[in-house]
Student: 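The structure that follows is given in the form of structure tokens.
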Amino acid sequence: MAQRFRVAYLSAECVPFAKVGGLGDVTGALSRAIADLGCSVAVFLPRYGDLHVPEEASLELVSRIDVPLAGEDEPALIYRLRHPAHPAHLHHFFIANETYFGRAGVYADPATGDAFADNAARFAFFSRACLEAMRAVAYAPDVIHANDHQTALVPAYLKTLYAEDPFFQMTASLLAIHNLGYQGVVPPETMSVAGFPPEYFYPLSPFEFWGRMNYFKAGIHFADVLVTVSERYAEEIQSGEEFGFGLQGTLNARRADLIGILNGIDVRTWNPRTDRFLAARYDEESLDLKATCKADLLERTALRGSPELPLFGMISRLVEQKGFDLIEAAADRLFQLPARWVFLGSGERRYEAFLEDAATRHPERVAVRKGFDDPLAHAIEGGADFFLMPSKYEPCGLNQMMSMRYGTVPVVRATGGLADTVIPVDSSGAAGEGTGVVFESYRADALLGAIDGALRLYANPEALLATRRNGMRRDFSWEASARKYRQTYRQANAARRMGSGFNRWLDSMDRGRGGPGGGTREPQGLP
């Protein structure tokens with residue numbers, strides 16, 4: 001029997017162990033889907049102080065390692081998950097270090113909401129510790145799948161400090177770009193903390209970004225293959241400053257190696273027929289039971305009065321990217337409409353305060369729950385009539401897919417994965433093939449126009465039912481996307497064998513430190 005293709009999956013989040021946003025959902029579901037296709041998959045995660053370990057599982061100490069960091073060896077412990085229900089070829093390893101991960105929170109202090117001041121060192125440590133851990137547990141991958149800037153240094157390590165390491169000679173790297181708005185832009189002295197020689201840092205080098213070090217830029221340059229989480233987002237991030245945040249030139253230089261693969265959702269977890277968090281379980285032929293879920297959601301959130309008003313739900317990080325500046329600008333008109341609103345999430349204090357004030361001013365129409373509440377998230381997907389996602393940009397988005405599966409009509413802006421997944425309902429209110437309400441311009445009046453369109457749809461029960469059923473018939477499972485990833489892993493492995501990244505960079509250094517991109521500096525990006 002042929003040896004299984006081996007994939008090491010590196011992430012800062014993974015459901016059910018640690019989750020902040022969609023990355024946690026994707027890591028948990030995609031790693032399992034890849035394993036279901038017959039690959040051997042090892043997921044590497046930090047062991048946070050508040051890591052959630054299922055009751056039926058346990059963590060077993062399997063190794064102690066030293067991780068080079070800032071010129072010294074930093075100790076780490078490697079734990080392996082023991083779980084009776086896990087497939088034999090799906091493994092989870094957790095890297096423990098009291099200094100960097102012996103605290104609650106993934107990126108930020110839960111008590112204050114402020115990002116940890118040592119995040120640059122934490123994730124440089126984690127990236128290098130993953131490589132050392134693979135050696136310690138004798139897991140030699142065919143490809144390393146790194147995710148976002150937190151693990152973007154791994155492709156750079158492979159092509160520089162580990163370039164001659166026999167253990168990784170046949171290992172390729174894939175870097176998944178989930179959100180380019182967060183790049184890991186840090187002071188230049190972080191180069192030495194991460195262990196890179198000072199001569200690697202110079203104007204226009206793979207590490208340099210307007211005088212600072214950029215984790216994402218380094219990963220984009222050195223990875224054998226790049227993947228974004230939707231086809232449209234792959235084009236958007238190359239199109240200019242709005243979506244590229246200063247790295248559009250670097251991405252254009254790797255255009256041939258950049259692939260868009262739409263995320264999926266875990267259809268075992270997100271299934272209205274079997275969802276244990278719903279007051280009533282239903283499918284497209286029993287959508288009348290959705291009214292029971294709506295009544296339950298209204299009771300949970302203390303929204304009293306007639307259940308006949310349309311109910312809008314939103315589960316999100318409370319940040320500008322998700323469209324909360326539009327909601328704030330439209331609030332005076334929005335919350336006077338004949339509708340109700342349930343918001344679940346946490347984030348910037350400005351938007352938390354805004355929503356809390358809205359709930360105080362409109363207690364019969366607006367309910368707000370801070371933090372993450374998984375049972376309530378399922379209740380919102382099942383009980384809401386509409387799901388709001390007015391994002392400024394959205395690389396993929398998962399909630400619009402979950403909503404359609406639950407017969408909850410998404411109201412979205414046409415960007416990234418939202419544009420790739422939601423078919424607009426006809427402006428006349430007829431359902432046709434439509435699965436959601438879509439608006440184009442990022443303006444408050446455009447958002448209000450979309451809400452008006454949703455209210456017109458709600459007033460047409462026949463069209464509303466057809467729209468709900470259209471969405472429920474869409475297949476957003478991980479199977480098709482996982483097959484594309486498996487194909488891309490083999491492509492990355494072939495690219496690795498041919499040689500790329502580091503060799504190109506060495507050639508450019510020999511020509512006078514021009515670096516990639518023809519000597520053109522990227523436009524100013526986010527700090």
Side-chain angles (χ1 to χ4, degrees), residues 10-12 68-70 119-131 144-163 165 168 171-228 237-238 244-255 257-258 492 495-496 499-509 513-517 520-522 525-527:
L10 281 50
S11 180
L69 195 76
N119 272 343
R122 293 173 76 226
F123 290 107
F125 169 81
F126 174 61
S127 294
R128 196 154 186 189
C130 286
L131 296 172
I144 293 176
H145 181 142
N147 291 277
D148 269 353
H149 78 268
Q150 292 87 7
T151 56
L153 291 184
V154 170
Y157 281 132
L158 283 175
K159 295 288 179 64
T160 57
L161 305 185
Y162 290 77
D165 190 324
F168 295 106
T171 300
S173 63
L174 176 149
L175 177 61
I177 302 171
H178 298 265
N179 191 336
L180 199 62
Y182 302 88
Q183 297 182 4
V185 181
V186 296
E189 51 267 28
T190 310
M191 288 287 293
S192 62
V193 174
F196 293 107
E199 59 266 25
Y200 286 8
F201 188 84
Y202 55 86
L204 297 179
S205 85
F207 298 91
E208 189 268 346
F209 185 82
W210 290 89
R212 307 183 77 191
M213 182 186 183
N214 187 317
Y215 283 20
F216 234 149
K217 182 184 176 185
I220 289 168
H221 180 85
F222 286 113
D224 293 298
V225 172
L226 304 168
V227 171
T228 66
I237 59 177
Q238 299 177 72
F245 298 106
L247 291 182
Q248 59 271 16
T250 304
L251 287 159
N252 268 284
R254 298 296 313 276
R255 186 179 187 87
D257 304 314
L258 177 59
R496 167 62 169 159
S500 60
F502 187 56
N503 293 333
R504 293 197 304 270
W505 179 41
L506 288 177
D507 290 343
S508 69
M509 289 184 69
R513 296 191 172 221
T520 302
R521 176 177 284 280
E522 301 90 341
L526 288 181

Student: Before you tell me yes or no, could you show the steps for T250 and F216 under side-chain contact (heavy atoms from CB on, under 4.5 Å), namely the whole-Å CA-CA distance, both residues' side-chain angles and the distance that decides it to 0.1 Å?
Tutor: CA-CA 10 Å; T250 304; F216 234 149; over 6 Å; no
Student: Quick check for you: to the nearest 0.5 Å, what is the distance between R122 atom CZ and L69 atom CG?
Tutor: 13.0 Å
Student: Can you tell me how far the CE atom of M191 sits from the CZ atom of R212, to the nearest 0.5 Å?
Tutor: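 Reported value, rounded in 0.5 Å steps: 14.5 Å.
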Student: D224 and salt bridge (Lys or Arg N to Asp or Glu O under 4.0 Å): which single residue from K159, R254, R496 fits?
Tutor: K159
Student: Any heavy-atom pair between the side chains of P187 and M213 that's under 4.5 Å?
Tutor: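 The answer is no; the side chains never approach within 4.5 Å.
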Student: Can a donor-acceptor pair be found, under 3.5 Å and without considering hydrogens, that links the side chain of K217 to the backbone of E208?
Tutor: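 Judged by distance alone, yes, a pair lies under 3.5 Å.
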Student: Assess whether side-chain contact (heavy atoms from CB on, under 4.5 Å) is satisfied between V186 and Y215, documenting all intermediate values.
Tutor: CA-CA 8 Å; V186 296; Y215 283 20; 3.7 Å; yes
Student: Just to verify, which of L258, L180, I237 counts as forming a side-chain contact (heavy atoms from CB on, under 4.5 Å) with I220?
Tutor: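 Exactly one pass, corresponding to L180.
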Student: Between atom SG of C130 and atom CG of L153, what is the distance when rounded to the nearest 0.5 Å?
Tutor: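 Here the interatomic distance stands at 11.5 Å.
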Student: With rounding to the nearest 0.5 Å, note down the distance linking CD in Q238 to CG in N252.
Tutor: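 Answer rounded to 0.5 Å: 4.5 Å.
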Student: Determine the sole option in T151, L131, L175 for which the side-chain contact (heavy atoms from CB on, under 4.5 Å) test with L10 is passed.
Tutor: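 Looking at T151, L131, L175, the match for L10 under the side-chain contact (heavy atoms from CB on, under 4.5 Å) is T151.
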Student: Is there a donor-acceptor contact under 3.5 Å from the side chain of Y157 to the main chain of A194?
Tutor: yes
Student: Run the numbers on Y162 and R128 for side-chain contact (heavy atoms from CB on, under 4.5 Å), then give the verdict.
Tutor: CA-CA 10 Å; Y162 290 77; R128 196 154 186 189; 3.1 Å; yes
Student: Closest heavy-atom contact between A172 and L158?
Tutor: O-CD1, 4.5 Å
Student: Examine distances only and state if a side-chain atom of T160 and a backbone atom of A156 form a donor-acceptor pair shorter than 3.5 Å.
Tutor: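 Judged by distance alone, yes, a pair lies under 3.5 Å.
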Student: Main chain of Y182, side chain of H149: is a donor-acceptor contact present, judged purely on distance under 3.5 Å?
Tutor: yes
Student: What is the minimum heavy-atom distance between S173 and A492, and which atoms define it?
Tutor: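 Reported closest heavy-atom pair: O-CB, 4.2 Å.
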Student: Using a 3.5 Å distance criterion without hydrogens, assess whether the side chain of N179 forms a donor-acceptor pair with backbone atoms of G181.
Tutor: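 At least one qualifying donor-acceptor pair exists.
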Student: Give me the ring orientation class for F126 and F123: parallel if the planes are under 30° apart, tilted from 30 to 60°, perpendicular past 60°.
Tutor: perpendicular
Student: How long is the gap from CG on L174 to CG on L226, to the nearest 0.5 Å?
Tutor: 7.5 Å
Student: May I ask you to check whether Y202 and F207 place their ring centres under 6.0 Å from each other?
Tutor: no
Student: Is the backbone of S11 close enough, under 3.5 Å, to the side chain of N147 for a donor and an acceptor to pair up by distance?
Tutor: no
Student: Checking T190 side chain against A121 main chain: does a donor-acceptor pair fall under 3.5 Å?
Tutor: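 No.
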